[in-house]
Amino acid sequence: MKTEIIPLQAETVQNLTERRAPVHVYQEIDSTNEKGRQLIMEGAPSGTLILAEKQTKGRGRRGHSFYSPESGLYFTMLYRPENEEAAIAKTTVAAAVSLCEAVEKTAGIACGIKWVNDLYLNGKKIAGILCEAPRDMHGNLPGIIIGIGINVSQKEFPEEIRDIAGSLNQPDLDRNVLAAALADRLMYWLERLDSEELTERYKAWSAILGKEVSFIMEERTITGIATDINADGNLIVEADRTYTLSSGEISLTSWQS
Ligand code: BTN
């Protein structure tokens with residue numbers, strides 16, 4: 001059965017969300033995060049959404065590209081925080097929780113977060129998050145660019161990611177509804193970045209707590225059990241000693257489901 005893809009429409013998303021900031025929709029764009037950078041420098045308001053049907057230069061973390069063909073949802077929200085420090089530390093955590101909640105609400109599926117910010121379903125990555133904090137020419141932070149890419153109705157992937165990539169495959173999933181739900185959950189959590197509730201929700205959605213994980217530190221692969229995530233979003237791993245992993249410095253090389 002061929003899945004019919006409902007086009008993204010700015011007006012539809014706007015009518016579905018509680019927030020009133022502008023929504024921009026592109027048929028094709030290099031990167032919604034790149035557009036976000038431009039708009040935030042030009043003074044676009046907090047909450048502005050940039051959505052695309054397709055990206056030609058989708059950006060991932062650590063300089064990787066993000067495969068972004070038609071049918072996926074490429075989502076960027078601009079955020080002008082009052083408390084810069086808390087925002088830089090916790091925006092990714094808020095984005096991951098918001099994404100799980102929006103997917104559960106619109107697709108009826110419970111995903112899991114692989115620390116720090118990949119969304120997994122049945123052992124495959126279905127979404128990634130890239131938050132960027134660009135500085136202006138005076139070194140000030142005009143805002144944070146929250147970029148989220150979700151694979152939707154995707155059957156084929158390039159060979160390099162075929163073994164790890166998965167997709168949301170609900171035939172009747174409307175990306176307008178998903179985008180609106182994600183925007184609303186983000187607005188909710190961005191106002192509660194310091195809350196214990198956010199850390200608790202993040203832990204509840206974690207796919208790795210209690211599991212065996214590996215990471216590389218000083219050229220050594222360390223394997224242990226992921227036991228906790230603290231209030232700063234650091235992962236606690238018990239191995240030959242207790243390790244407190246910060247997302248900026250270390251990522252997991254493997255985890256066992
Ligand atoms: C990752 O998994 O490494 C993060 C991927 C983030 C991809 C999203 S798609 C929307 C936004 N625009 C981009 O260029 N990147 C992010």
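What you see below is based on every heavy atom in this structure, not just the backbone, and it leaves out hydrogens, waters and symmetry mates. All ligand and atom numbering here is 1-based and tracks the order in the structure.
By the ring pair (Phe, Tyr, Trp, His ring centres under 6.0 Å) test, Phe157 is found to be paired with no residue, residues two or more places apart in sequence or in another chain being considered. Not counting sequence neighbours, the partners of Tyr120 by the ring pair (Phe, Tyr, Trp, His ring centres under 6.0 Å) test are Trp255.
Other residues sharing a hydrophobic cluster with Leu16 under the 4.5 Å side-chain heavy-atom criterion for ILVMFWY residues are Val177.
For the residue pair Glu28 / Thr56, no side-chain donor-acceptor distance below 3.5 Å is found, with atom types taken as modelled. In the model, Asn33 has a side-chain atom that pairs as donor or acceptor with a side-chain atom of Thr76 under 3.5 Å.
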Which N or O atoms of ligand 1 sit under 3.5 Å from a protein N or O, and how far apart is each pair?
from, atom 1, to, atom 2, distance (Å)
ligand 1, 2 (O), Lys125, NZ, 2.5
ligand 1, 3 (O), Arg61, N, 2.8
ligand 1, 12 (N), Thr32, OG1, 3.0
ligand 1, 12 (N), Asn33, N, 3.4
ligand 1, 12 (N), Gln55, OE1, 3.0
ligand 1, 14 (O), Ser31, OG, 2.7
ligand 1, 14 (O), Gln55, OE1, 3.4
ligand 1, 14 (O), Arg59, N, 2.7
ligand 1, 15 (N), Arg59, O, 2.7

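The aromatic ring centres of Phe215 and Tyr243 sit less than 6.0 Å apart.
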